[in-house]
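Here's the structure, in structure tokens; my notes come after.
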Protein chains: 2
Amino acid sequence: MQRQQNLTKNQKIVLDVIEKSTEPLKAYSILSNVKKKGINAPPQVYRALDKLVDMGKIHKIESKNAFVACQNSNCKVSKAAAFSICESCEEVTEIDNSKISKYLSSFADKIGMKYKKYNLEFFGLCKKCK
Amino acid sequence: MQRQQNLTKNQKIVLDVIEKSTEPLKAYSILSNVKKKGINAPPQVYRALDKLVDMGKIHKIESKNAFVACQNSNCKVSKAAAFSICESCEEVTEIDNSKISKYLSSFADKIGMKYKKYNLEFFGLCKKCK
DNA sequence: CTCAACCATGTTATATTATTACATAACGTT
DNA sequence: AACGTTATGTAATAATATAACATGGTTGAG
Ligand SMILES: [Zn+2]
Ligand SMILES: [Zn+2]
Ligand SMILES: [Zn+2]
Ligand SMILES: [Zn+2]
């Protein structure tokens, strides 16, 4: 079990909240959102988040300590993700990473690293805000 | 003042500790390192860190909440940085980013973003560990 | 079946990271 | 000197994350 689907109860609850959100959610915000569903304490949330990240269902935006649902399907394989983050409206968008991923993995080869995954965060202004 | 060089006293102290370290330093570890120099409380450290990051003298490794001195000079201009992080020995190396930087900024253009900076973290095994 | 191993869950407490808020001092300009 | 601005000092607290331990369910070997 737990290799692909078959989420546990708490994982389902947490994933559901994240998927329904239009913005990255922080752990304690998730917690307060799921208190009514019987999740009472931080470890329950963090455990679910860890597993969901492992599975590639969600990503952590490191610069914000926040989590978003995966917006494409590549990540389930590559565990690598790229985001654009608008510094004005705070919008976070996952970049379809097939091209960038190829480039970056060849780059990793070049510098002699045995590459497993990467995290890329772009900051600037989105189409609307620029 | 404070546009390029001319660091303040606390900024100098903090930068010095970071430059002398062989590994990324966390804020509270910096704090305990500089207590003897008269820096007593978190805000003093965090304020210095913020400014040093702004100036491009140091970078924050977001996935570790830790700080390293800039290892190349491009960053003072571009405010963008890329790192390889070994998951075995924890070594963090700044990647000379001129090539990668060109590629990524053209990519940002393509997706319609007015790009200011980026943060890229590679995870895997370094030359020694692979 | 039964018990042992494993995994998910629940709960309390605590550790770690970061900021708010306010007070004081130093500095440059007029 | 009087003022605005920036740097500093300090105490308190907020926000993020983990440790440690207890309980409960499922499964599969014997
Ligand atoms: Zn994804
Ligand atoms: Zn925007
Ligand atoms: Zn740099
Ligand atoms: Zn290594």
Side-chain angles (χ1 to χ4, degrees), chain A residues 1-18 21 23-55 57-68 85 87 90 92 119 121, chain B residues 1-18 21 23-55 57-68 85 87 90 92 119 121:
Chain A
M1 205 210 258
Q2 192 68 274
R3 205 59 262 142
Q4 209 61 265
Q5 39 277 92
N6 293 106
L7 302 181
T8 68
K9 181 182 134 233
N10 288 356
Q11 287 162 13
K12 269 181 215 150
I13 294 171
V14 168
L15 178 58
D16 191 54
V17 173
I18 296 173
S21 170
E23 55 181 12
L25 289 181
K26 298 183 159 238
Y28 276 72
S29 150
I30 292 168
L31 177 56
S32 72
N33 269 282
V34 298
K35 279 255 167 82
K36 47 186 178 301
K37 304 233 175 180
I39 292 184
N40 306 302
Q44 296 173 287
V45 171
Y46 280 102
R47 287 194 286 235
L49 289 172
D50 283 351
K51 292 288 173 59
L52 291 168
V53 167
D54 275 354
M55 291 185 243
K57 300 266 189 202
I58 64 174
H59 300 292
K60 181 172 187 179
I61 309 296
E62 294 285 359
S63 62
K64 291 181 172 296
N65 299 316
F67 299 84
V68 293
I85 301 172
E87 289 180 319
E90 300 285 314
V92 173
N119 181 65
E121 300 175 8
Chain B
M1 203 207 261
Q2 192 69 273
R3 204 59 262 139
Q4 209 59 266
Q5 38 278 92
N6 293 106
L7 301 182
T8 69
K9 181 183 133 233
N10 287 356
Q11 287 162 15
K12 270 181 215 148
I13 293 171
V14 168
L15 178 57
D16 191 55
V17 173
I18 295 173
S21 170
E23 55 181 12
L25 289 181
K26 298 185 159 236
Y28 276 73
S29 150
I30 292 168
L31 177 56
S32 72
N33 269 282
V34 297
K35 280 256 167 82
K36 47 186 177 300
K37 306 233 173 178
I39 293 183
N40 306 302
Q44 297 174 287
V45 172
Y46 281 102
R47 286 194 286 236
L49 290 172
D50 284 350
K51 292 289 173 60
L52 291 168
V53 167
D54 275 353
M55 292 185 245
K57 301 265 188 202
I58 65 172
H59 301 292
K60 181 172 188 181
I61 309 296
E62 294 285 359
S63 61
K64 291 182 173 297
N65 298 317
F67 299 83
V68 293
I85 302 171
E87 289 180 319
E90 301 284 315
V92 172
N119 180 67
E121 300 174 9

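Just so you know, these numbers use all the heavy atoms, side chains as well, and skip hydrogens, waters and symmetry mates. Order of the sequence lines sets the chain letters (A, B, ...), proteins ahead of strands, with each chain counted from 1.
The closest side-chain heavy-atom distance from A:Gln44 to A:Val34 is not below 4.5 Å. Within the 4.5 Å cutoff, the side chain of A:Ile30 has no heavy atoms near those of the A:Ile39 side chain.
Within the 4.0 Å cut-off from OP1 or OP2 of C:dT11, at least one side-chain nitrogen or oxygen of A:Asn40 is found. Taking only side-chain nitrogens and oxygens, A:Thr8 never comes nearer than 4.0 Å to OP1 or OP2 of C:dC7. Residue A:Lys51 places none of its side-chain N or O atoms closer than 4.0 Å to OP1 or OP2 of C:dC7.
Annotation: side chain to side chain donor-acceptor pair (under 3.5 Å) contacts of A:Asp16 (sequence neighbours excluded): A:Lys20. In this view, A:Lys60 satisfies the side chain to side chain donor-acceptor pair (under 3.5 Å) rule with no residue, not counting sequence neighbours. Residues satisfying the side chain to side chain donor-acceptor pair (under 3.5 Å) test with A:Glu62, not counting sequence neighbours, are none. Checked against side chain to side chain donor-acceptor pair (under 3.5 Å), B:Glu23 has no partners two or more places apart in sequence or in another chain.
Regarding A:Lys9, its NZ atom lies at a distance of 18 Å from the P atom of D:dT23, rounded to whole Å. Between the P atom of D:dT10 and the CG atom of B:Asn10 lies a distance of 11 Å, rounded to the nearest Å. Regarding A:Gln44, its CD atom lies at a distance of 13 Å from the C1' atom of D:dT23, rounded to whole Å. Between the CG atom of A:Leu7 and the P atom of C:dC7 there is a distance of 17 Å, rounded to whole Å. In this structure, B:Asp54 atom CG and D:dA7 atom C1' are separated by 15 Å, rounded to whole Å. Here C:dT11 presents its P atom at 12 Å from NZ of A:Lys35, a figure rounded to the nearest Å. Taking atom NZ of B:Lys37 as the reference point, atom C1' of D:dG9 lies 19 Å away to the nearest angstrom. Rounded to an integer number of Å, the gap from B:Leu31 CG to C:dT19 P is 15 Å.
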Could you run down the sub-3.5 Å N/O contacts of the protein with nucleotides 13-20 of chain D?
residue	atom	partner	partner atom	Å
D:dT16	OP1	A:Lys26	NZ	2.4
D:dA17	OP1	A:Lys60	NZ	2.8
D:dA17	OP1	A:Asn65	OD1	3.3
D:dA17	OP2	A:Tyr46	OH	3.1
D:dA17	N7	A:Tyr28	OH	2.8
D:dA17	N6	A:Tyr28	OH	3.1

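Judged as a salt bridge (charged side-chain N to carboxylate O under 4.0 Å, His left out), not a single pair has a partner in residues 36-47 of chain B (not counting sequence neighbours).
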